[in-house]
Amino acid sequence: MKRQNYLSWDEYFMAVALLSAQRSKDPNTQVGACVANDQNKIVGVGYNGFPWGCSDDELPWDREGAYLDTKYPYVCHAELNAVLNAITTDLRRCRIYVGLFPCNECTKVIIQSGISEIIYLSDKYRETDQVKAARIMLDKSPNITYRQMQTSLEFLTVHFVPPGEK
Ligand SMILES: O=c1[nH]c(=O)n([C@H]2C[C@H](O)[C@@H](COP(=O)(O)O)O2)cc1CO
Ligand SMILES: [Zn+2]
């Protein structure tokens with residue numbers, strides 16, 4: 001009989017997004033994104049971080065203060081990185097799994113890439129104008145839908161050392 005508690009595709013791709021988020025140096029919010037195609041193959045992953053060559057030790061991770069002294073003008077969002085890192089520029093019929101509902105800027109990138117579905121986990125910034133603008137665009141776009149991830153999983157553990165071998 002086959003194993004029962006294997007991951008669904010949704011859980012698997014969201015877990016890849018969440019694992020990718022663990023690469024983020026942002027001390028406050030770590031976001032990951034995973035793009036899967038209609039054959040359930042991963043075609044792009046990303047997490048929030050500063051652009052290539054911009055040192056994490058020189059740019060600020062602060063949230064408050066003068067705009068140029070915060071992370072906001074510099075950080076590349078997870079969704080942008082996942083789309084730019086993708087193995088193809090044509091992402092029609094692909095889904096993007098994200099830890100956080102995308103902002104308006106990422107939503108533009110997602111729509112323009114051709115992605116057809118957004119699956120998100122947290123919606124903690126739903127009251128912000130950025131996320132409201134994102135929803136306005138998505139609700140007007142005929143070729144893209146979005147839904148919140150449904151799962152009974154609360155967490156997932158990976159073992160680098162198999163249990164019992166230590
Ligand atoms: O969609 C997103 N994707 C994404 O990668 N981010 C990143 C940018 C920042 O590094 C961080 C948000 O920071 P904070 O929660 O401290 O404002 O998450 C933020 C959003 C906002 O929804
Ligand atoms: Zn964004």
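Atoms within a ligand are numbered from 1 in the order they appear, just like the ligands themselves.
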Check: of E79, E64, R126, H77, min heavy-atom distance to atom 1 (O) of ligand 1 comes from E79
Looking only at protein heavy atoms, what sits closest to atom 5 (O) of ligand 1 is A78 N, 2.9 Å
Give yes or no for whether the N/O distance cutoff of 3.5 Å, strictly under, is met between V31 and ligand 1.
no
Atom 13 (O) of ligand 1 has as its nearest protein heavy atom K71 NZ, 3.0 Å
Exercise. Taking atom types as modelled, find out whether S24 and N48 have a side-chain donor-acceptor pair closer than 3.5 angstrom.
Key: yes
For D26, the ligand 1 atoms with a heavy-atom partner under 4.0 Å come out as 9 (C), 10 (O), 11 (C), 13 (O)
With a 4.0 Å cut-off on N to O distance, would you call R147 and D10 a salt bridge? yes
Looking only at heavy atoms, the pair that brings I111 and S141 closest together is CD1-OG, 3.4 Å
Note on the Zn ion (ligand 2): protein N/O/S atoms within less than 2.8 Å are H77 ND1, C103 SG, C106 SG
Sequence neighbours excluded, the answer for side-chain hydrogen bond (donor to acceptor under 3.5 Å, both in side chains) partners of N104 is none
The atoms of ligand 1 lying under 4.0 Å from a heavy atom of F101, numbered in the order shown, are 1 (O), 22 (O)
D26/K71 under salt bridge (Lys or Arg N to Asp or Glu O under 4.0 Å): CA gap, chis, key distance, verdict
CA-CA 9 Å; D26 191 320; K71 62 186 170 184; 2.9 Å; yes
Logged contact type for Q130 with ligand 1, heavy-atom cut-off 4.0 Å, is neither
Would you mind checking if D123 and R135 are paired as a salt bridge, meaning a charged N to carboxylate O distance below 4.0 Å?
yes
Residues pairing under side-chain hydrogen bond (donor to acceptor under 3.5 Å, both in side chains) where one sits in residues 148-157, two or more places apart or in two chains, turn out to be E11-T151
Sorted by chain and residue number, the side-chain hydrogen bond (donor to acceptor under 3.5 Å, both in side chains) partners of D129 (sequence neighbours excluded) come out as none
Under the side chain to side chain donor-acceptor pair (under 3.5 Å) criterion, do D139 and Y146 qualify, and how do the steps go?
CA-CA 9 Å; D139 291 342; Y146 57 92; 2.8 Å; yes
The protein heavy atom nearest to atom 12 (C) of ligand 1 is T29 CB, 3.7 Å
Of all protein heavy atoms, the one nearest atom 7 (C) of ligand 1 is N48 ND2, 3.5 Å
Note to self: In this structure, does ligand 1 have an atom that sits under 4.0 Å from one of the heavy atoms of Y72?
What the structure shows: yes
>> Any heavy atom of P102 closer to ligand 1 than 4.0 angstrom?
In response: yes
* Residue pair N40 / R95, side-chain donor-acceptor N/O under 3.5 Å -> yes
Check: Under 30°, 30 to 60°, or over 60°: which ring-plane class applies to F101 and Y120, parallel, tilted or perpendicular?
Finding: perpendicular
Problem set entry | Centroid separation F50 to W61 less than 6.0 Å | yes
Ligand 1 to N28, heavy atom cutoff 4.0 Å, flagged ligand atoms 14 (P), 15 (O), 16 (O)
So the atoms of ligand 1 within less than 4.0 Å of a heavy atom of Y125 turn out to be 14 (P), 15 (O), 17 (O)
